[in-house]
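Working notes for the structure below.
Below, chains carry the letters A, B, ... as their sequence lines are ordered, and counting in each starts from 1. Values reported hereafter were calculated over all heavy atoms of this structure, with side chains retained and with hydrogens, waters and symmetry mates removed.
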Amino acid sequence: MPAVETIEHDIVIVGTGIAGLRAAIEIKRKYGDKLDVGLLSKIHIMRSHSVSAEGGTAAVLYPEEGDSFALHAWDTIKGSDFLADQDAVWLFVKLMPEEIRLLEHWGLPWSRRPDGRIAQRPFGGHSHPRATFAADKTGFFEMQTLYNKLLEYDNWERYDEWFVTNIVVEDGAYKGLYAINMRDGKLYYFKSKAAIIAAGGGGRLYNFTTYAHTVTGDGYAMAFRAGIPIKDPEFIQFHPTGLVPSGILITEGARGEGGYLINNKGERFMLRKECAPTKGELAPRDIVSRCEMREILEGRGFVDEVSGLGYVKLDLTHLGEEKINERLPAVREIAIRYAGVDPVEEPIPVRPVAHYTMGGIHTDIYYRVLDETGRWIRGLFAAGEVAASSVHGANRLGSNSTAECLTSGRITGILAAEYALRQREAPTASPERHAREEEWVWGLLKRESGTPAYEIRRKLRNAMGEYFYVFRDGDGMKTALSIIKELRRKAREEMYVEDKSKIYNTDLQAALETLNLLDAALAAVSAGLNRTESRGAHYRLDYPKRDDENWLKHTLVLRSGEDDVRITYWPVAITTWKPVERKY
Amino acid sequence: MVKKSTVQIWLQYVTAILLIFLLTWHLLVRVPWLRGVETFKDTLASEKVYHEVSSYGILLLIFAYVALLHGFNGLRTILLEWTSGKYNGLITGTIIILFIIFGALATYTVIGITPP
Amino acid sequence: MSEGTGKVLPNRPGWLASVNPWVLRVVNNPERLAFVLHRLTGLLMALIIMAHIFVTGTPARVGWEAWAEEIAKAQGITVVTLYFFFFAGIAWYHGLNGIRLLLVEFFGTCIGKPEKPKPPYLAPSLKACQRKLLYTVYILWAILWILTGYIVFMG
Amino acid sequence: MTFDPEAATRTPPKKVIFRVKRYNPETGKTWWDEYEVETYRGMTVLDALLKIKEEIDHTIVMRYSCRMGVCGSCGMIINGMPRLACQTQVAEVATEANPVITIEPLKNHPVLRDLVTDFTAFFEKHRSVKPYTIRKDKEELETGDMEYLMSPEEHKELYEYTLCIACGLCYSACPVAASDERFLGPQALTYVWRYVSDPRDEAWQERLEAVDVEGGPFSCHYAASCSAVCPKMVDPGAAIQRLRSALIKYRLGLYKKKKVAKKATRPAEQVKPKKPLPPEAQPVPGANIEAMEREPPTIPVEQLIA
Ligand SMILES: Cc1cc2nc3c(=O)[nH]c(=O)nc-3n(C[C@H](O)[C@H](O)[C@H](O)COP(=O)(O)OP(=O)(O)OC[C@H]3O[C@@H](n4cnc5c(N)ncnc54)[C@H](O)[C@@H]3O)c2cc1C
Ligand code: HEM
Ligand code: SF4
Ligand code: F3S
Ligand code: FES
């Protein structure tokens with residue numbers, strides 16, 4: 001096996017979604033050539049999953065027209081079922097407006113109002129139309145603009161298609177990371193003064209998900225393995241409108257523009273008393289998803305012949321062709337291409353779909369990665385979906401996520417740069433660590449037969465879809481946990497990589513991703529089983545009530561031994577508003 | 001360096017516009033009815049041709065030069081594209097030499113013509 | 001980083017792609033055929049013009065006898081009539097399509113207006129007036145060529 | 001891109017044979033492999049390839065990510081035409097009479113392995129056209145106080161050209177790019193036009209000058225294959241013609257940029273009254289919400305990294 005070569009940069013950024021790119025730009029535009037940055041991504045850097053985001057990005061752009069920071073903060077906190085850290089939310093809402101306008105300056109074609117200013121639309125859980133959008137390709141345009149803007153600067157290196165395997169944390173500080181260059185099949189050690197982890201979510205824990213195939217929870221798993229606590233991983237958002245049968249997202253913007261959800265009797269079930277009589281379809285996602293799931297489970301839905309999935313319908317026909325073409329062109333295209341349904345003429349088949357992981361690497365409100373005692377792991381930052389500073393608490397509001405990617409990217413960019421400027425020497429990992437890493441990665445290639453990763457992955461996804469979906473209960477989660485543990489054993493002892501070549505060995509990559517998924521699943525299900533209440537996206541049939549007395553706190557999940565976890569807690573910062581019952 | 005646009009505008013497009021008229025004329029003079037003869041071949045009879053060259057010689061020459069510029073620049077562009085510009089000098093040089101040779105030949109044809 | 005990345009396959013079809021419209025089977029793309037024909041006819045004419053200048057120089061270079069011998073001597077179809085027939089065919093196409101190209105490339109018109117995507121998701125330029133012109137070019141070309149044949153072979 | 005609206009509702013042939021062109025960079029060998037795949041209604045070519053990778057041959061390599069046609073990873077030549085695998089229904093390209101689908105790597109991009117091609121040169125070309133807003137006043141550009149004004153009509157003019165996902169299909173289809181390595185290609189040239197026509201950009205002159213080289217818009221001969229294969233309806237063919245014609249006008253002294261956008265101004269007073277917080281929002285003792293709203297956001301850098 002080839003020896004580990006070292007590559008050195010001042011700052012390394014893992015993941016180039018909106019968060020990673022925004023961080024890189026902040027460093028470059030503020031510090032120019034003084035710092036040299038390495039950008040790592042397991043796919044071409046501008047193809048990161050963020051391109052899929054559709055609906056919008058929340059920001060208070062027009063205080064003169066009724067909106068206010070306080071209102072945005074309140075909506076976010078209420079949406080989070082009061083698990084959000086309120087100081088983090090305030091910082092977030094205040095940084096946002098400038099982000100939107102900077103992106104506009106850099107070339108983003110935001111949709112416009114007739115007066116030439118940036119248009120905004122209503123979004124679920126927001127009490128003012130503040131989702132800034134560019135048709136329904138918001139995330140795509142944000143990625144494109146950030147990527148293009150980055151090309152203006154020098155003294156940064158792109159590492160397209162480099163798969164990061166592990167980050168090194170020794171003596172409570174960050175000490176570099178390892179990555180495989182898919183193109184030559186060698187393992188490299190990246191040495192840097194600071195690192196920003198922006199590796200995105202873990203949506204591919206599920207079969208039916210809005211996520212790209214490449215979103216496999218790598219960030220969580222790397223942190224988990226490095227002994228960093230994972231905060232609130234039990235909160236996984238299910239979006240109400242995943243297109244049946246592929247799971248591709250039909251943006252919330254569709255409901256924001258006035259779409260209805262209907263069951264097989266043609267009723268708008270969201271207006272029922274037990275759902276959300278005032279907000280209806282525009283209630284937060286957890287509530288809509290649960291109502292939908294009930295319709296399906298109680299036989300008021302439809303069933304897809306090919307996949308066997310139950311669904312309800314999203315009706316846009318009353319919006320008219322012109323509005324759909326103007327505001328929701330991608331929804332129309334997606335529905336036609338992937339379901340053969342033209343939303344101008346027919347309602348679209350949808351069902352709840354795994355969409356976002358609220359939890360993530362434990363950070364403070366400035367996105368510094370913390371250990372379980374709250375000490376900063378020096379040199380390490382996390383941004384974007386992978387970080388949990390906790391702006392989103394137990395349930396994220398639509399359009400707050402790309403927004404958080406932007407603000408967290410900006411904050412970590414500044415902090416990482418300032419930190420790196422003050423460091424003389426980049427720390428190095430111990431040589432034994434190199435050897436361990438090589439063994440961990442190349443060991444997978446040694447086995448000559450066994451179970452392919454794909455089979456393990458499939459079983460894991462089936463288990464997650466069965467027992468850790470919109471509705472959960474203790475027994476189900478216990479079953480899921482035992483399946484996960486069994487699969488972990490299997491992966492360790494039997495997983496086999498058929499492809500032995502060096503160049504673009506995606507078979508090996510799939511095996512490594514499967515290991516990551518198993519780590520992420522272990523953390524999520526353990527935390528879910530542990531939290532004996534229902535809050536936000538975590539809804540337990542055996543504990544259907546929110547329990548502020550015992551559970552108004554964040555879970556921190558730490559690794560303990562091969563297949564076990566240790567759970568501790570972290571207080572919620574309640575600086576502005578008292579938790580109250582959440583009704584829409 | 002001459003700008004790419006200058007070459008293309010003047011040698012390809014403006015010549016093309018001129019060629020629309022010149023080429024149409026050049027083809028139409030072979031239409032027998034327009035020349036008061038019986039057949040196509042009659043338009044190529046020596047007297048007819050002499051008359052054509054002696055009275056419209058300048059136009060013919062202009063046509064030749066414009067067509068050569070347009071055609072050879074087109075040829076050059078194609079060759080440069082096929083070779084990714086690796087033999088730029090060689091190709092352009094050859095084309096210029098060809099242009100001079102055939103330009104001279106055309107000029108001699110018009111100037112040096114005598115009645116049959 | 002080049003070592004260890006293995007051999008890279010260049011994978012460019014080269015000049016073939018611009019003389020063979022079937023290197024790719026792109027659907028709904030008659031413009032590509034038009035381009036290939038324009039290129040072939042242009043190339044041929046650029047070659048022919050050299051021969052043409054050489055041959056039409058006969059009276060001045062050699063004398064009228066040689067010219068008359070070449071042209072008027074034989075009856076029926078000769079090299080000259082065939083030559084003219086094919087040259088005219090080539091020129092008609094190149095000229096007609098050239099006018100379309102001038103509109104599109106030089107004046108930047110006839111390629112539609114930018115629009116927002118809507119079904120059937122067809123790029124505006126592919127349904128703009130250049131497309132209609134293209135069909136007109138093909139039709140006119142056929143007519144003119146047939147007419148030329150009629151004139152040339154008539155006598 | 002051709003579009004078959006009924007494809008997703010049709011059932012493709014029960015079994016489809018995929019002929020995939022393989023390439024092993026370690027041995028330099030190229031060969032074709034055939035796989036028989038059981039299909040279902042709604043199956044895309046990418047789904048089928050993933051099925052092959054998971055169940056039949058783990059060594060086959062291709063790029064993919066979003067599976068919804070926005071990331072631009074999965075371009076390949078399917079039945080002779082460059083397409084996005086994730087956007088192509090099996091039912092669209094395979095028929096009962098001919099249930100065979102051939103798959104090759106994108107042409108004009110060097111092949112690294114199987115269906116994976118090298119985009120380095122393609123990205124370099126994209127970078128070389130400076131795909132970002134340039135303003136004379138750099139300071140103003142980097143201050144996010146107010147947005148530049150842009151009417152919906154101006155937005156519509158350039159919207160189409162901003163849809164590019166950098167999938168490289170157009171470059172793969174272009175007969176000029178097939179031989180001329182210098183050709184910037186439809187994608188990069190579209191970007192030039194996108195910024196020349198963007199009212200927020202002031203560097204049109206610089207951009208037009210920079211692109212006036214061998215490999216610029218004059219290398220395009222309007223084969224329009226780019227527009228015919230582009231999966232996002234970007235219409236690069238038209239963009240290049242507009243660019244070329246603008247460049248011609250510019251050289252003849254006739255080109256003038258339509259308009260350069262100015263920043264919006266904030267109205268002096270409330271246009272609509274401020275929305276109150278709902279009554280359920282009960283502040284904790286000591287919280288002064290109005291003061292919190294007014295305070296600018298701060299990041300105590302020194303303290304944080306000490
Ligand atoms: C379909 C869909 C629609 C959405 N719509 C909206 C919306 O309308 N509004 C909104 O606010 N939010 C939306 N979201 C959520 C939002 O898009 C995501 O939360 C956000 O894009 C995450 O961005 P990120 O930068 O954190 O990570 P990502 O964009 O996921 O990027 C992750 C990066 O990490 C890299 N990476 C991962 N693992 C590794 C590894 N092991 N080695 C190297 N690199 C690695 C990847 O290559 C990639 O570059 C949507 C999400 C989905 C799925
Ligand atoms: C009516 C007369 C003509 C018109 C309108 C015309 C028009 C054009 C135009 C617009 C182009 C540029 C095409 C492009 O950029 O793709 C062109 C190219 C060309 N023309 Fe002509 N042309 C005419 C006559 C001729 C003649 C008489 C010749 C030969 C002597 C000729 C040879 C060429 C060649 C070789 C090219 C290059 C083709 C290519 O690059 O593909 N043309 N013509
Ligand atoms: S212009 Fe179209 S085909 Fe070309 S790279 Fe962009 S999206 Fe792909
Ligand atoms: S295919 Fe090529 S030739 Fe021009 S119109 Fe498109 S770039
Ligand atoms: S997988 Fe993203 S475009 Fe096809």
Side-chain angles (χ1 to χ4, degrees), chain A residues 29 43 46-47 51-52 64-66 68-71 74 90-91 94-95 98 101-102 104-107 109 112 114 116-118 128 140 148-149 151-152 212-214 245 248 306 334 336-340 366 368 411 414-415 418-419 452 454 498-499 501 503-504 506-507 574 576-578 580, chain D residues 5-6 8-9 25-26 40-42 54 58-59 61 64-68 70-73 87 112-113 116 119 127 131-133 141-142 144-152 155 158-159 162 166 264 267 270-275 277 280-284 287 289 292-293 297 299 301 304-305:
Chain A
R29 88 191 179 103
I43 45 182
M46 75 297 230
R47 312 216 189 281
V51 290
S52 300
E64 67 271 19
E65 290 173 21
S68 70
F69 288 138
L71 204 57
W74 164 255
W90 274 100
L91 181 63
K94 285 194 182 162
L95 285 174
E98 194 183 347
R101 295 190 171 118
L102 278 176
E104 193 273 343
H105 292 0
W106 299 338
R112 298 289 172 148
R117 301 194 63 186
I118 298 173
H128 189 88
F140 164 71
N148 286 339
K149 177 72 180 170
L151 298 179
E152 183 176 342
H213 285 290
T214 46
I248 294 174
V306 178
I334 286 168
I336 298 179
R337 276 195 204 277
Y338 298 99
Y366 302 106
R368 299 184 306 164
I411 296 171
I414 297 173
L415 291 179
E418 292 286 348
Y419 180 75
Y454 313 102
E498 185 189 324
D499 192 345
S501 76
I503 298 163
Y504 281 100
T506 50
D507 202 19
I574 298 190
T576 320
W577 289 291
K578 290 187 215 145
V580 292
Chain D
E6 255 82 62
T9 57
E26 277 153 16
Y40 50 85
R41 199 183 67 207
E54 288 179 10
H58 304 319
T59 64
V61 178
Y64 57 90
S65 178
C66 70
R67 62 86 172 81
M68 54 190 274
V70 288
C71 73
S73 303
Q87 225 184 49
L112 296 173
R113 178 177 171 186
V116 175
F119 269 63
R127 185 173 188 175
Y132 36 82
T133 319
L141 183 74
E142 297 295 335
D145 52 349
M146 284 310 258
E147 65 267 34
Y148 292 113
L149 286 170
M150 189 199 244
S151 68
H155 179 262
L158 98 188
Y159 178 73
T162 61
Q270 289 292 115
V271 179
K272 286 184 201 139
K274 198 168 144 182
K275 266 191 204 167
L277 284 172
E280 46 175 345
Q282 293 294 324
V284 294
I289 292 170
M292 288 172 99
E293 274 208 298
I299 303 166
V301 175
L304 288 168
I305 59 173

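Across all their heavy atoms, A:G66 and D:Q270 have their closest contact at N-NE2, 4.3 Å. Minimum heavy-atom separation, D:P25 to A:I503: CG-CD1, 3.7 Å. Here the shortest heavy-atom pairing between D:T133 and A:G107 reads OG1-N, 3.3 Å. Contact detail for D:I305 and A:L415: the closest heavy-atom pair is CG2-O, 4.0 Å. Nearest heavy atom pair, residue D:T162 against residue A:F140, reads O-CE2, 3.8 Å. Residue A:L91 comes nearest to D:P297 through the heavy atom pair CD1-CB, 4.1 Å, listed as atom of the first residue, atom of the second, then distance.
Atom OH of A:Y454 is separated from atom NE2 of D:H58 by 6.5 Å, given to the nearest 0.5 angstrom. Here CD of D:E147 is found 12.0 Å from CG of A:L102. Values are rounded to the nearest 0.5 Å. Between the CD atom in A:E152 and the CZ atom in D:R127 there is a gap of 10.0 Å [rounded to 0.5 Å].
In this structure, chain A has heavy atoms under 4.5 Å from both the backbone and the side chain of D:A281. At a 4.5 Å heavy-atom cutoff, the contact between D:Y64 and chain A is made by backbone and side-chain atoms alike. Both the backbone and the side chain of A:Y338 come within less than 4.5 Å of a heavy atom of chain D. Only the side chain of A:I334 comes within contact range of chain D, with at least one heavy atom under 4.5 Å from a heavy atom of that chain. Interface remark: A:W90 contributes side-chain atoms only to the contact with chain D (heavy atom separation under 4.5 Å). Looking at D:V301, both its backbone and its side chain come within 4.5 Å of chain A, counting heavy atoms on both sides. Interface remark: A:Y504 contributes backbone and side-chain atoms alike to the contact with chain D (heavy atom separation under 4.5 Å). The contact between A:I414 and chain D is made entirely by side chain atoms (from C-beta outward), counting heavy-atom distances below 4.5 Å. When heavy atoms are compared at a cutoff of 4.5 Å, D:H155 approaches chain A solely by way of its side chain, counted from C-beta outward. Using a 4.5 Å cut-off between heavy atoms, A:I43 touches chain D through its side chain atoms alone. Looking at D:R41, the atoms closer than 4.5 Å to chain A (heavy atoms on both sides) sit in the backbone and in the side chain alike. Interface remark: A:A339 contributes backbone atoms only to the contact with chain D (heavy atom separation under 4.5 Å). Proximity to chain A (any heavy atom under 4.5 Å) is shown, for D:Q87, by both the backbone and the side chain. The part of D:P273 that comes within reach of chain A is its backbone (N, CA, C, O), which places non-hydrogen atoms under 4.5 angstrom from that chain. Both the backbone and the side chain of A:P109 come within contact range of chain D, with heavy atoms under 4.5 Å apart.
Using a 30° and 60° split on the angle between ring planes, D:Y148 and A:H105 fall in the tilted class, from 30° to 60°.
Options A:H128, A:R117, A:R29 differ in how many heavy-atom pairs under 4.5 Å they form with chain D, and the most are formed by A:R117. Residue with the most contacts toward chain A among D:P152, D:A287, D:P5: D:P152 (heavy-atom pairs, distance under 4.5 Å). If you tally non-hydrogen atom pairs under 4.5 Å between each of A:Y366, A:F69, A:Y419 and chain D, the highest count goes to A:Y366. Ranked by heavy-atom pairs under 4.5 Å with chain A, the first of D:K274, D:E6, D:E142 is D:E142. In terms of heavy-atom pairs under 4.5 Å with chain D, the best-connected choice from A:D499, A:I336, A:N148 is A:N148. Considering only heavy-atom pairs separated by less than 4.5 Å from chain A, the leading option among D:V116, D:T9, D:D145, D:L277 is D:L277.
A donor-acceptor contact shorter than 3.5 Å is absent between the side chain of A:E64 and the backbone of D:V271. Checked by atom type and distance alone, the side chain of A:R47 pairs as donor or acceptor with a backbone atom of D:C71 at under 3.5 Å. No donor-acceptor pair closer than 3.5 Å links the side chain of D:Q282 to the backbone N or O of A:K578.
With a 4.5 Å cut-off on side-chain heavy atoms, A:I248 and D:R67 count as touching. A 4.5 Å side-chain heavy-atom check between D:I289 and A:T576 finds at least one atom pair inside the cut-off. For the pair D:M68 and A:R337, the minimum side-chain heavy-atom distance is 4.5 Å or more.
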**CA sep, side-chain torsions, deciding dist, call: A:E498, D:T59, side-chain contact (heavy atoms from CB on, under 4.5 Å)** = CA-CA 7 Å; A:E498 185 189 324; D:T59 64; 3.9 Å; yes

